[in-house]
Amino acid sequence: MAGRSCRRRALGGLIEAIRMTTQDDQKRAAAREAAKLVEPGMRLGLGTGSTIAHFLDALAERVKTENIDHACVATSVTTERRAAELGIKVTALDGVLDLAVDGADEVEFGSLHLIKGLGGALLREKQIAESSHRFVVIADQGKLVSRLGERSKLPVEIVNFAVARTLARIGELGLLAEPRKQANGKAFISDNGNVIADCVLPGRIDAVALDRALKSIAGVVETGLFTAGCDCAIIGYDDGSTRCFEGDVFAKLGVSTMIATLRALRLQHLAHKPLLAVMGVSASGKSTIGAMLAGVLGVPFRDGDDLHPASNRRKMHEGKPLDDNDRMPWLHRIALELRGWRDAGSGGVIVSSLLTRCYRDFVRGGSDDVTLIHLDGDRDLLADRIANRHGHFMPAKLLDSQFATLELPGEGENAIVVKVDASPIEIVRDIVERLAARDARS
Ligand SMILES: Nc1ncnc2c1ncn2[C@@H]1O[C@H](COP(=O)(O)OP(=O)(O)O)[C@@H](O)[C@H]1O
Ligand SMILES: O=C(O)[C@H](O)[C@@H](O)[C@H](O)[C@H](O)COP(=O)(O)O
C-alpha cells in the first residue's frame with residue numbers, strides 16, 4: 001500500500017515537474033521576445049518575479065555579446081541584486097524611462113488591466129511602469145484571464161500602522177482582506193517597510209473604480225490593480241510560441257495615467273464635443289497632447305500619420321521626401337475623418353503637423369468648426385526632446401526645415417496657441433479651460 005502511494009506521489013511530482021518546466025519555458029520564451037525590444041542607449045525599468053529573472057538573463061546576454069550601452073532601474077531589492085550579479089547597470093529612478101518590462105499575476109483579456117504584487121513589489125513596479133514611455137508585460141499563458149480576480153488575490157500595500165483598521169475599511173468595499181505572512185508565520189514587509197493585504201475580489205469588478213475607492217482609504221499606499229494598460233503583453237504558450245496582445249492607443253503613447261489624473265481633476269465640461277486638429281513641428285508634443293485631449297474629452301483620436309496611403313508610406317520608407325501631389329490623397333483622408341466625426345456629432349482629435357495654411361484649409365473642407373491647437377515650442381527645447389526620444393529618427397536639420405515651412409495660424413483659423421514648455425498635464429488643462437471659456441462666451 002505504502003509503496004503504491006509512494007509511487008503515486010513520485011508520479012505526481014514528476015507530472016508537476018513537467019508542468020512547471022512547461023510553464024517556465026513559456027516565461028522564458030516571453031522574456032526572450034521582450035529582450036529583443038531593447039535598443040542601445042535605452043533607460044530600462046526592470047520588474048520582479050520569475051519571468052523577469054529570465055528577462056534579466058536574456059538582457060545580460062545581449063549586453064555582453066553586443067556591448068549594449070544601458071541604464072536600468074530595478075523594482076525590487078531582489079531584482080537589483082540579480083541584475084548586479086549579471087553585470088547589468090542599475091541606477092536610481094530619475095526622469096523618464098524608455099522601456100519597462102515586468103511580469104504580472106493576471107492579465108485581463110481585452111483591457112490588458114493587470115493584477116500585480118504577489119511578490120510584494122507592486123508600489124515600485126507601478127512607479128516604474130508610470131515613468132516609462134513603453135510598458136511591456138511578459139507572462140505565461142496561465143496568467144491570461146477573462147476577468148480580474150479569477151485566479152489571483154488582489155495585493156494592496158498598506159502602511160504598517162493601524163493595520164486592523166485599514167483592513168476593516170477595505171472589507172467595507174466587499175473585499176476579504178488578510179495581511180500577508182511569510183512561510184515562518186511572521187508578517188511580510190515590503191521593500192518600502194509596508195504590509196501587504198491580500199484581498200479576495202467579489203466577482204466582477206470595475207477595476208478603475210475599485211482602485212480609486214481603495215486609494216481613498218487613509219493607510220492604503222497603492223493597489224496591485226494596474227489599470228493604465230500596457231504597450232503590449234507578450235504571452236508565452238505551451239507550444240513554445242509567443243503571442244503579442246497590443247494595448248490601446250493611450251497605453252501605447254504612455255498617457256493613460258496622465259488622463260486618469262486629469263479626469264480626477266474634474267475639468268470643466270464642454271457644451272459641445274469639439275473637433276480639434278493638433279498641429280506643430282516634430283516633437284512639439286502633438287501625439288502626447290492630442291491623445292490626452294481625446295482621452296479627457298471622451299472623443300475619438302486619430303494620428304494623421306496613420307492615414308498616409310500605402311504609396312506614401314513606401315516612399316517614406318525608402319527615404320524619399322513626399323511632394324505636394326503625394327500629400328493630397330493623405331490630406332483628403334484627414335478631411336474625410338473630420339467630416340465623419342462632424343456628421344456623427346462625436347467630436348474628435350486629429351494630430352498632424354499641418355504646417356501650412358493651404359494644408360489646413362484642405363483638411364477643414366470648407367467648414368469653420370475645426371479648432372486648431374498649435375503647439376508652439378522653441379527650437380532648442382524640441383531638438384532636446386528629439387535627442388531623448390527613442391525609436392524616432394529625426395535629424396535636427398529636418399526640424400529646422402519644418403520651422404522654415406511653418407506658417408503660423410492666422411486670421412479666421414480658429415486657433416488656440418499653447419507654449420509647450422509646461423508639463424503635458426498643465427498644457428491639456430490650459431487647453432480644456434480655454435475651450436470651456438470659449439464655449440461659455442458663445
Ligand atoms: N510637455 C511636454 N513636456 C515634456 N516632454 C514632452 C511634452 N510633450 C511631449 N513630450 C515628449 O516629447 C517627445 C515628443 O512628443 P510627441 O508627442 O511624440 O511629439 P510629436 O507627435 O509632435 O512628434 C516624446 O518623448 C514626449 O513624451
Ligand atoms: O513582486 C511582485 O509584486 C511581482 O513582481 C508581481 O507583480 C509579478 O509580476 C508577478 O508575481 C509575476 O511573477 P512570476 O513572473 O514569478 O510569475
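Bear in mind the structure is a predicted one, so any value in this text is a computation, not a measurement. All residue numbers in this chain count up from 1 along the given sequence. Numbering of ligands and ligand atoms starts at 1, following listing order.
The N/O atoms of Gly103, backbone and side chain alike, include one that comes under 3.5 Å of an N/O atom in ligand 2. Looking at Asp140 next to ligand 2, no N or O pair under 3.5 Å apart turns up. Note: an N/O pair closer than 3.5 Å links Ala121 and ligand 2 by distance alone. Taking any N or O of Ser284, backbone or side chain, at least one lies under 3.5 Å from an N or O belonging to ligand 1. Of the N or O atoms in Ile289, none lie within a sub-3.5 Å distance of an N or O in ligand 1.
If you number the atoms of ligand 1 from 1 as listed, the ones under 4.0 Å from a heavy atom of Ala422 come out as 1 (N), 2 (C), 3 (N). In summary, the atoms of ligand 1 found under 4.0 Å from a heavy atom of Gly285, numbered by their order in the structure, are 8 (N), 9 (C), 15 (O), 16 (P), 17 (O), 19 (O), 20 (P), 22 (O). Atoms of ligand 1 found under 4.0 Å from any heavy atom of Ile427 (numbered from 1 in listed order, with element): 1 (N). Residue Val281 approaches ligand 1 through these ligand atoms, each under 4.0 Å from one of its heavy atoms: 22 (O). In summary, the atoms of ligand 1 found under 4.0 Å from a heavy atom of Val420, numbered by their order in the structure, are 1 (N). Atoms of ligand 1 lying under 4.0 Å from any heavy atom of Thr288, numbered from 1 in the order shown and given with element: 9 (C), 15 (O), 16 (P), 17 (O), 26 (C).
No heavy atom of Gly280 sits closer than 4.0 Å to any atom of ligand 1. Contact between Gly47 and ligand 2 is absent, with no heavy atom of the residue lying under 4.0 Å from the ligand.
Remark: among candidates Arg385, Met292, Glu426, Lys286, the nearest residue to atom 22 (O) of ligand 1 is Lys286, based on non-hydrogen atoms. With distances taken over non-hydrogen atoms, the option nearest atom 8 (C) of ligand 2 out of Thr48, Asp24, Leu118 is Thr48.
No side-chain donor from either of Asp238 and Thr22 sits under 3.5 Å from a side-chain acceptor of the other.
Residue-level proximity to ligand 2 for Leu122 is carried by the backbone, the only part with a heavy atom below 4.0 angstrom. Contacts of Thr75 with ligand 2, taken as heavy-atom pairs under 4.0 Å, are absent altogether. Looking at Pro155 against ligand 2, nothing comes within 4.0 Å, counting heavy atoms. Residue contacts with ligand 1 for Asp421 are absent, since no atom lies close enough (heavy atoms, distance under 4.0 Å).
A salt bridge is defined here as a Lys NZ or Arg NE, NH1 or NH2 lying under 4.0 Å from an Asp or Glu carboxylate O, and Asp231 with Lys252 meets this definition.
The main-chain N or O of Asn192 is found under 3.5 Å from a side-chain atom of Ser190 such that the two form a donor-acceptor pair. Checking side-chain atoms of Arg327 against main-chain N and O of Leu322 turns up a donor-acceptor pair under 3.5 Å.
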